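None of these values were measured; they are calculated from a predicted model. Note on naming: letters A, B, ... go to the chains in the order of the sequence lines (proteins, then strands), and numbering restarts at 1 for each one.
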Amino acid sequence: MAISTIVPKAFKITLKTLKIRFFILLLLPQKSTRMIAQQLLIYNTLTRKKEVFKPIHSPHVGMYVCGPTVYGDAHLGHARPAITFDILFRYLTHLGYKVRYVRNITDVGHLENDADSGEDKIAKKARVEELEPMEVVQYYLNRYHKSMEELNVLPPSIEPHASGHIIEQIQFIQEILDHGYAYESNGSVYFDVEKYNKDYHYGKLSGRNIEDMLNSTRQLDGQEEKHNGVDFALWKKASPEHIMRWPSPWSEGFPGWHLECSAMGTKYLGQEFDIHGGGMDLMFPHHECEIAQSVAALGKESVHYWMHNNMITINGQKMGKSLGNFITLDELFTGTHKLLEQAYSPMTIRFFILQAHYRSTLDFSNEALQASEKGLQRLYDAFSKLNKLQPAKTSENIDVTGLKDKCYEAMNDDLNTPIVISHLFDAARAINSIAAGNGSISGNDLSELKAVYKLFFNDILGVKSGEMMDSSNNEAYKKAIDLLLDMRQEAKQRKDWATSDNIRNQLTAFGFEIKDTKDGFEWKLN
RNA sequence: GGUUCCUUGGCCGAGUGGCUAGGCACCGGUCUGCAAAACCGUCUACGGCGGUUCGAAUCCGCCAGGAACCUCCA
């Protein structure tokens, strides 16, 4: 009785829902196809070629990026993948794709080395600082999030923790074991690289051959458990003093590092998904192992497009944790590092990173950052002038449609942000010319230019504009500065240059920039 | 040693066969009481040697220098 009354009702609701959905679908594809019609080329590390991006289930896109191991503060190097894939996330979304962006948090499984006595990085930090491991994780994760927010990096759709997916990882190992590509040894489980390589190619992503690797793999202590030096751990039995441990069919222990991405990627994005990103230094062995794990467990590769950002260097060398030559983001923002001549705002850092293509190395130096800071300021100034321009009948020296097309063209060419920026600088010059009275812009072009600027500068490149950061200014303070400069104007009219220069010089010393204009003055705080 | 990649003007950094970005710095000019900002202009480079081509920063070869990965790394 109850069922028969419920079913039709449920059916009714479903029909209604379907109708609404159908209606939405009718609307969406029009917008989507128009936008998605942009042909995006992305460089696929797997083929070493730029390829046309075709999602498996358009308009849905699945994207996985290797996030940080949270056992220390994020440094400049961490900002690179975060910003690179933030741009991709923003751009795909703008094109009309529905992106599910997964960026993991590694909070377990990072061995100090591959030896039996290998210690987890988080656990080590916890022991050194006498903290609960999860306390370490939370502390640095909070700080990571804060830095990312300051860099205007959008949060991913899902941010899974490795420690929260132990069951999935155990299942994944079981699949690999069932397919015969792993073996248990003294409570640990290792991936059988040699066996796998007979059926597939281990090393296809990084262009390696197992023969070369067999000869060059370092001999570390405690590797007697492995059948072969190149085999990597899927599960490690925990030594008695090891803090982070979970039960499994093989031993109390913890999962190997490479496993988390395979397990979480396929859990949230499906057995096959579109994009997997990360730093170039993760290509081997991390991503290579991921491929092997997926093929061994699922019988197919999970990832269609592998994308890798290049490194940030300092004095020509990779900035990294192990070399100890890194500068944390906090230090950059506050200028508290011995190599820094000054503090650099988060937007300067973001702009600096975007001025190089993501597949090129980018060398850190104060000179380069200062150049970025000034360049960014030039764009801010130009675009604040844009909002004050008066429309004319015709446009003389600016082609807004051409600008927009060129920006799209650059983005579509494997996210060429430096080219997009160069076009924005071209626009800035045109705006400045018009503002200086050399040229004109029509009303239509003016509003279109404002829209293009907002789209590429703010929305896609994700640079917060000056006004957005100007919220701390308050009226009383502005009036005080205006008052001082009014006094200076009076002094100028009396030709009392000593007083007028004194006011200007003092304000300049405090960091203000004073400009005299035809009818008065302008100022801003740098 | 193996694998992959790089070398662009004072600095940073795009560009993959002819159109030879952009930013910062420098210099000259315009504007200004002087500045600042802005505008206009100047400088115009592709590690070296050879080859392919009508034509090469771009393709090929050799040499020199550097980097990443091969162990944890974004």
Assign [X] to base, sugar-phosphate, or nothing according to its heavy-atom contacts below 4.0 angstrom with the strands shown.
| X | result |
| --- | --- |
| A:Gly316 | sugar-phosphate |
| A:Arg48 | sugar-phosphate |
| A:His75 | base |
| A:Ser360 | sugar-phosphate |
| A:Ile312 | base |
| A:Ser206 | sugar-phosphate |
| A:Met283 | nothing |
| A:Met311 | base |

Could you state the [atom1]-[atom2] distance from [X] to [N], rounded to the nearest angstrom?
| X | N | atom1 | atom2 | answer |
| --- | --- | --- | --- | --- |
| A:Ile419 | B:G13 | CD1 | P | 14 Å |
| A:Asp73 | B:A74 | CG | C1' | 15 Å |
| A:Leu379 | B:G23 | CG | P | 9 Å |
| A:His287 | B:A74 | NE2 | P | 11 Å |
| A:Phe364 | B:A67 | CZ | P | 19 Å |
| A:Phe425 | B:A14 | CZ | C1' | 13 Å |
| A:Phe457 | B:G22 | CZ | C1' | 14 Å |
| A:Tyr202 | B:U3 | OH | P | 17 Å |

Please measure how far the [atom1] atom in [N] lies from the corresponding atom in [M], and state the result in whole Å.
| N | M | atom1 | value |
| --- | --- | --- | --- |
| B:U20 | B:G13 | C1' | 16 Å |
| B:G50 | B:G41 | C1' | 40 Å |
| B:A67 | B:A45 | P | 28 Å |
| B:U42 | B:G9 | C1' | 14 Å |
| B:G66 | B:C19 | P | 33 Å |
| B:C46 | B:G61 | P | 22 Å |
| B:C26 | B:G10 | P | 15 Å |
| B:U71 | B:A14 | P | 30 Å |

Salt bridge present between [X] and [Y] (N-O < 4.0 angstrom):
| X | Y | value |
| --- | --- | --- |
| A:Arg143 | A:Asp73 | yes |
| A:Arg504 | A:Asp501 | yes |
| A:Lys406 | A:Asp426 | no |
| A:Asp86 | A:Arg350 | yes |

For this session: Check whether any side-chain nitrogen or oxygen of A:Lys374 sits under 4.0 Å from OP1 or OP2 of B:C12, and answer yes or no.
Result: no

Exercise. Does the side chain of A:Asn310 get closer than 4.0 angstrom to OP1 or OP2 of B:A68 through an N or O atom?
Worked result: no

Problem set entry | Side-chain (A:Asp192) to main-chain (A:Asp231) donor-acceptor, under 3.5 angstrom | no

Checking [X] against [Y]: charged group under 6.0 Å from the ring centre and within 45 degrees of the axis?
| X | Y | result |
| --- | --- | --- |
| A:Arg359 | A:Tyr43 | yes |
| A:Lys321 | A:Tyr71 | yes |
| A:Arg378 | A:Phe425 | no |

Considering every strand shown, what is the Watson-Crick or G-U wobble mate of [N] when both distances are under 3.5 Å?
| N | value |
| --- | --- |
| B:G22 | B:C12 |
| B:C62 | B:G48 |
| B:A38 | B:U30 |
| B:U3 | B:A68 |

Exercise. Would you call A:Met63 and A:Asp274 a side-chain contact if the rule is heavy atoms closer than 4.5 Å?
Worked result: no

Exercise. Is there a side-chain contact between A:Thr84 and A:Thr417 (heavy atoms, below 4.5 Å)?
Worked result: no

Problem set entry | Verdict with reasoning, A:Lys385 to A:Asn432, per side-chain hydrogen bond (donor to acceptor under 3.5 Å, both in side chains) | CA-CA 7 Å; A:Lys385 273 187 201 163; A:Asn432 285 332; 3.0 Å; yes

Side chain of [X]: nearest nucleotide among [options]?
| X | options | result |
| --- | --- | --- |
| A:Lys318 | B:A21, B:A68, B:G13 | B:A68 |
| A:Asn416 | B:G15, B:C69, B:C11 | B:G15 |
| A:Arg208 | B:C70, B:A68, B:G13 | B:C70 |

Exercise. Do the two ring centres, one from A:Tyr140 and one from A:His145, sit under 6.0 Å apart?
Worked result: no

Exercise. Does anything in residues 351-359 of chain A reach RNA chain B, meaning a heavy atom under 4.0 Å, and if so which residues?
Worked result: A:Gln355, A:Ala356, A:His357

For this session: Sugar-phosphate atoms are those with a prime plus P, OP1 and OP2; base atoms are the rest. Using that split, label each nucleotide of nucleotides 32-40 of chain B B, S or - for protein heavy atoms under 4.0 Å, 5' to 3'.
Result: -BBBBSSSS

Exercise. Closest nucleotide of RNA chain B for A:Leu282 versus for A:Ser372: which of these residues is on the 5' side?
Worked result: A:Ser372

